[in-house]
*Asks:* 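Take a look at this one; I'll ask things after.
In what follows, chains carry the letters A, B, and so on, assigned in the order in which the sequence lines appear, proteins first and then strands, with residues in each chain numbered from 1.
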Amino acid sequence: MRNVILTKEELAEAIEYFKKHDSFVFDVETVGDHRGVPTQNQVTWISMATHGAAIAIPMGHPNGNVLLSKATRKKNKETGKFDAIPAVWDAPPAQLRPSQVFEALQPLMFSERRKIGHNVVFDLVSVAKYYDNHVPTRPYGCSLVASWLLDENRLNGLKPLIVATYGHKYDNENVGKKVEIHPFSKAARYAILDAKYPWLLWNRAVPQLKSEGLSRVMSLELQVLETLLDMARTGAPLDMEALHQLDGDLTNELEDITSRVYQAAGRIFNVNSTKQKSEVLWGDQASGGQGLAPVNLTPGGRKKKRERAKPTIYDYSTDAEALKKFNGNPVVDALLDYQEVNKLLSTYVHGYLGVASEGNKPSIIFNGRIHPSFQQYGTVTGRFSCAKPNLQNVPAPNTELGTKVRGLFVAPQGYKLLVADYGQIELRVMAHYLGRGAWYEGFFAGTDAHTATASAVYGVSPEEVTKEQRNNSKTLAFATLYGAQAETVAKSMKSTVAEAEAFLDVHRRTMPEVYEFRDWLIARARKQEVPHIRTILGRKRRLPDLVHGTSWIREKAERQCLNSLIQGSAGDLNKMAVVRMGHLCRQNPDWLNLSLTVHDELVVHCREDKIEEGSKLLQQAMIGEGIQGVLSVPITADVKVCDRWSEAK
DNA sequence: CGCGATCGCGCC
DNA sequence: AAAGGGCGCGATCGCG
């Protein structure tokens, strides 16, 4: 069999070989402005691997192997910048067309054979476009998800993983990043290795997952993966009219604020530059600065100080917290306004719409929808991450501007958004593990958790708890989950450090179970050969630093220990809910679609005539039998019916 | 130009 | 020697 497939006959022969095996890896190389967006990209190579074979099928690679002229740069007389002139190669060999290739592959792609990839969601969604939006059928395998479960601390992609596992460094030139500028045989070699290594990795990982007791969580992740295939194609519709309106409004507003900044500062500077901001704020008045006395060092500045170097004005933070100390200074006030508006405009408006003037940054909205990529392997704790764009950090609707941005996300025509979130899921997970005490009993009694804390800590009945007492108790919950110390607690409570310390002491006395559990958890984790904890579904969080010789490193690992158990277990529950809702949506694809998930929240599209049924199903997915049973304390989920995402909460 | 580090900041 | 967990991303800046 040939490695590089150029004719129908060669392809037919290869397919016959692959048909003899019950699983195979496939990998796509993509081109186009949106090569990274699987619903939009164009596939120019598909490579495949199975027992004893690895092939690459080009479908429009533009280059041959003979270099006719080198890549260079040429100064553009108009802009004064350098334009990249790509290399020119001779003509490539005659290749099959995508339609021919995908038709021939159909019996493999839509068979019961396992389709494996390294980040297989991307490859599956990329090829679905060539099958009339039908995704190749299950079962699937993902060497990236498997590798991540086996070592969540290494989120570095395929290449470092291959170096670590096989000691083979391939693709020094980053061919996959821009396959179309490379010569034919180099692209072919790269494509083949990109299939071969995932094949090796997957087959190595499966028995390891079993022996490490990770099969259950792997099977959950494979179900998550199936749901992500639907979510990737559903995406999230935007109110385009409102988006353009917001673009105009914020652009105008920012212009006004910018001139306010300049006027107050008495000079024109780049407001986005932290360096220049430092000069304006901390520089002395003789040199045109405000002469303010900086307080907080940046992390880099602290490092410098540690290394006994003298910090300069550039080592002091210019973030909002630092600026707030100088409220009333006209430069500071204008800067704070600027930062708020600029953040939202650049990240959430220009980030989606693109900017023609700024290097032709393309829009990532397609047919009125945005298609974020949820990465099930994106965090060390087991939660999802989300990118391109990250819809897990869309401003919350607690400010006017936040409401406007979140309000851009709307239901499709004829649909409503069902937005459901778990109530205090992390504290409930914590209470589950504690099995006693104010939190545990509070959740059974239906008392608000922070009120229950306040009642215990202040020794009053729940009815007598004041707003301030409840707020302080909320801080205690965060302090527990994150491992915050007195300084941070003081900041949060707006009290002195001594008061915060006393408060923490009272907490330690009145809710000893919290601290006893933390100590027990850390001690047990430390005893393992590789120190680790397991989340509620058995996911591992490896914390080798729990036995580190340096105390601050060890203490950081100790904070991560409890936090990972809680955050990771809550993440497990969320992934279960995603899977359960995914199943229900697949049963009712013409009126129910899962769109987004944000850690403890699901956003679903539901056709207007099916709201009641949809809400019931969502409720069932999140807290029904089979998921409630995972925790010993009751869990709650609140379903809201909205036209805009901002209407929830 | 491309890349990575840094700062800063949005969310849960 | 540090001082609250987990993310992604825009902008700047220095480097090769």
*Asks:* Taking the minimum atom-to-atom distance to the side chain of Val380(A), which one of dG6(C), dC11(B), dG10(C) wins?
*Replies:*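 Closest nucleotide among those given: dG6(C).
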*Asks:* In whole angstrom, give the distance that lies between atom CG of Leu344(A) and atom P of dG8(C).
*Replies:*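 Rounded to the whole Å, the gap is 20 Å.
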*Asks:* Let me spell it out: for each of Ser551(A) and Gly351(A), pick the nucleotide of DNA chain C with the closest heavy atom. Which residue's pick is nearer the 5' end?
*Replies:*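 Its nucleotide being nearer the 5' end, the pick is Ser551(A).
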*Asks:* Take Arg383(A) and Lys388(A), find for each the nucleotide of DNA chain C with the closest heavy atom, and name the residue whose nucleotide sits nearer the 5' end.
*Replies:*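 Closer to the 5' end of DNA chain C: Arg383(A).
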*Asks:* Side-chain contact test, heavy atoms from C-beta onward, threshold under 4.5 Å: evaluate it for Arg524(A) versus Trp520(A) and give yes or no.
*Replies:*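 Arg524(A) vs Trp520(A): side chains touch.
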*Asks:* Tell me which nucleotide among dT12(C), dG10(B), dC11(B) gets nearest to the side chain of Asn270(A).
*Replies:*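 Among dT12(C), dG10(B), dC11(B), the one nearest the side chain of Asn270(A) is dT12(C).
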*Asks:* Reading DNA chain C 5' to 3', what string of ( ), [ ], | and . shows its pairs, if Watson-Crick and G-U wobble pairs count only when both distances fall under 3.5 Å?
*Replies:* ....||||||||||||
*Asks:* If the cut-off is 4.0 Å, is Thr381(A) near the phosphate of dC7(C), judged by side-chain N/O to OP1 or OP2?
*Replies:*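 No.
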*Asks:* Counting only side-chain N and O atoms of Ser346(A), is one of them less than 4.0 Å from OP1 or OP2 of dG10(C)?
*Replies:*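 Result: no.
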*Asks:* In whole angstrom, give the distance that lies between atom OH of Tyr314(A) and atom P of dT12(C).
*Replies:*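 Checked: the OH to P distance equals 16 Å.
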*Asks:* Just compare dC12(B), dG10(C), dG5(C) and give me whichever is closest to any side-chain atom of Asn563(A).
*Replies:*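 For the Asn563(A) side chain, the nearest candidate turns out to be dG5(C).
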*Asks:* Does the side chain of Glu253(A) come within less than 4.5 Å of Ile257(A)'s, by heavy atoms?
*Replies:*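 Yes, at least one pair of side-chain atoms sits under 4.5 Å.
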*Asks:* Hey, which of Arg383(A), Gln567(A), Arg539(A) is the one that makes side chain to side chain donor-acceptor pair (under 3.5 Å) with Asp572(A)?
*Replies:*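 With Asp572(A) as partner, Arg383(A), Gln567(A), Arg539(A) yield a single side chain to side chain donor-acceptor pair (under 3.5 Å), made by Arg539(A).
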*Asks:* Can you figure out which of dC11(B), dG6(C), dG8(C) approaches the side chain of Ala387(A) most closely?
*Replies:*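 Taking heavy atoms from C-beta onward, the closest nucleotide is dG8(C).
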*Asks:* What does Thr274(A) touch in the nucleic acid at a heavy-atom separation under 4.0 angstrom: a base, only the sugar-phosphate, or nothing?
*Replies:*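 The residue Thr274(A) makes sugar-phosphate contact but no base contact.
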*Asks:* Test Tyr314(A) against Glu279(A) for side-chain contact (heavy atoms from CB on, under 4.5 Å), laying out the working first.
*Replies:* CA-CA 8 Å; Tyr314(A) 302 116; Glu279(A) 288 163 10; 2.5 Å; yes
*Asks:* Under 4.0 Å, counting only non-hydrogen atoms across every strand here, what does Gln339(A) touch: a base, just sugar-phosphate, or nothing?
*Replies:*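 Sugar-phosphate contact only - Gln339(A) comes under 4.0 Å of backbone atoms but never of a base.
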*Asks:* Does Lys575(A) qualify as a cation-pi partner of Phe384(A), given the criterion of NZ or CZ under 6.0 Å from the six-membered ring centre and within 45 degrees of its axis?
*Replies:*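 Relative to the ring axis of Phe384(A), which defines the angle, Lys575(A) lies inside both limits.
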*Asks:* Among the nucleotides dC7(B), dG5(C), dG10(C), which one has an atom lying closest to any side-chain atom of Lys361(A)?
*Replies:*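 The answer is dG10(C), which lies nearest to the side chain.
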*Asks:* Side-chain donor or acceptor of Arg559(A) under 3.5 Å from a matching atom on the base of dG5(C)?
*Replies:*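 Check fails, no donor-acceptor contact within cut-off.
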*Asks:* Would you kindly give the CG-to-P distance between Leu573(A) and dC12(B), to the nearest whole Å?
*Replies:*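 Rounded to the whole Å, the gap is 18 Å.
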*Asks:* Answer with base, sugar-phosphate or nothing: what part of the nucleic acid does Gln567(A) contact at a heavy-atom distance below 4.0 Å?
*Replies:*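 The residue Gln567(A) makes base contact.
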*Asks:* Does dC12(B) have its OP1 or OP2 closer than 4.0 Å to a side-chain nitrogen or oxygen of Lys649(A)?
*Replies:*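 For dC12(B), OP1 or OP2 has a side-chain N or O of Lys649(A) closer than 4.0 Å.
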*Asks:* State, with a plain yes or no, whether a side-chain heavy atom of Val37(A) is found less than 4.5 Å away from one of Lys388(A).
*Replies:*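 Of all side-chain heavy-atom pairs linking Lys388(A) with Val37(A), none is under 4.5 Å.
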*Asks:* Distance check: side-chain N/O of Thr318(A) vs OP1/OP2 of dG8(B), anything under 4.0 Å?
*Replies:*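 Yes.
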*Asks:* For the aromatic rings, using the six-membered ring if either is Trp, is the centroid distance between Phe366(A) and His34(A) under 6.0 Å?
*Replies:*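 Between His34(A) and Phe366(A), which both carry aromatic rings, the centre distance is below 6.0 Å.
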*Asks:* Contact class for Arg554(A) (heavy atom, under 4.0 Å): base, sugar-phosphate, or nothing?
*Replies:*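 Nothing, no nucleic acid heavy atom in range.
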*Asks:* Side chain of Thr379(A) only, heavy atoms from C-beta on: which candidate in dC7(C), dG8(B), dG8(C) is closest?
*Replies:*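 Minimum distance to the Thr379(A) side chain belongs to dC7(C).
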*Asks:* For Ser317(A), report the nucleic acid contact type (base, sugar-phosphate, nothing); a contact means any heavy atom under 4.0 Å.
*Replies:*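 Contact class for Ser317(A): sugar-phosphate only.
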*Asks:* Between dT6(B) and dA3(C), how far is it from one P atom to the other, in whole Å?
*Replies:*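 To the nearest whole Å, 15 Å.
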*Asks:* Nearest whole angstrom, please: distance from the P of dG8(C) to the CZ of Phe384(A).
*Replies:*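 Distance check: Phe384(A) CZ to dG8(C) P gives 13 Å.
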*Asks:* Can you find a heavy atom in the side chain of Lys404(A) that is under 4.5 Å from one in the side chain of Leu344(A)?
*Replies:*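 Result no, sub-4.5 Å side-chain heavy-atom pair not found.
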*Asks:* Whole-Å distance between dC1(B) P and Lys177(A) NZ?
*Replies:*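 Distance check: Lys177(A) NZ to dC1(B) P gives 14 Å.
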*Asks:* With centres under 5.5 Å and planes under 30°, do Tyr482(A) and dG5(C) count as stacked?
*Replies:*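 Tyr482(A) ring centre within cut-off of dG5(C) base, planes near parallel; stacks.
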*Asks:* Check the distance between dG5(C)'s P and Glu558(A)'s CD and give it to me in whole angstrom.
*Replies:*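 Those two atoms, CD and P, are 13 Å apart.
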*Asks:* Give the nucleotide from the list dC12(B), dG6(C), dG10(B) with an atom nearest to the side chain of Tyr348(A).
*Replies:*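 Closest nucleotide to the Tyr348(A) side chain: dG10(B).
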*Asks:* Rounded to whole angstroms, how far apart are CG on Asp545(A) and P on dA1(C)?
*Replies:*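 Distance check: Asp545(A) CG to dA1(C) P gives 17 Å.
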*Asks:* For Ala479(A), answer base if it contacts any base atom (sugar-phosphate contacts may also be present), sugar-phosphate if it contacts only those atoms, and nothing otherwise; contact means non-hydrogen atoms under 4.0 Å.
*Replies:*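 Contact class for Ala479(A): none.
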*Asks:* Can you tell which of dC11(B), dG10(B), dG6(C) lies closest to the side chain of Lys343(A)?
*Replies:*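 Nearest to the side-chain atoms of Lys343(A), counting from C-beta on, is dG10(B).
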*Asks:* Would you mind telling me which of dC9(B), dA3(C), dC7(C) lies closest to the side-chain atoms of Ser385(A)?
*Replies:*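 Looking only at side-chain atoms, Ser385(A) lies closest to dC7(C).
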*Asks:* Please tabulate, for the side chains in residues 483-495 of chain A, all donor-acceptor contacts under 3.5 angstrom to protein atoms that are two or more places apart in sequence or on a different chain.
*Replies:*
{"from": "Ser492(A)", "atom 1": "OG", "to": "Thr475(A)", "atom 2": "OG1", "distance (Å)": "3.1"}

*Asks:* Do Asn390(A) and dG8(C) have a side chain to base donor-acceptor pair shorter than 3.5 Å?
*Replies:*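 Answer is no: no donor-acceptor pair is held.
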*Asks:* Check this one for me: any side-chain N or O of Gln485(A) less than 4.0 Å away from OP1 or OP2 of dG4(C)?
*Replies:*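 It does not, given that no N or O in the side chain of Gln485(A) lies less than 4.0 Å from OP1 or OP2 of dG4(C).
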*Asks:* Could you state the atom-to-atom distance from CD1 of Ile313(A) to P of dC7(B) in whole Å?
*Replies:*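 Roughly 15 Å, once rounded to whole Å.
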*Asks:* With ring centroids as reference points, do Tyr190(A) and His182(A) lie under 6.0 angstrom apart?
*Replies:*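 No; His182(A) has its ring centre 6.0 Å or more from that of Tyr190(A).
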*Asks:* When you check the phosphate oxygens OP1 and OP2 of dG14(C), does a side-chain N or O of Lys275(A) lie under 4.0 Å from one of them?
*Replies:*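 The answer is yes; a side-chain N or O of Lys275(A) sits under 4.0 Å from OP1 or OP2.
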*Asks:* Looking at dC13(C), dA3(C), dG5(C), which one has an atom nearest to any side-chain atom of Gln276(A)?
*Replies:*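 In terms of side-chain proximity for Gln276(A), the closest of dC13(C), dA3(C), dG5(C) is dC13(C).
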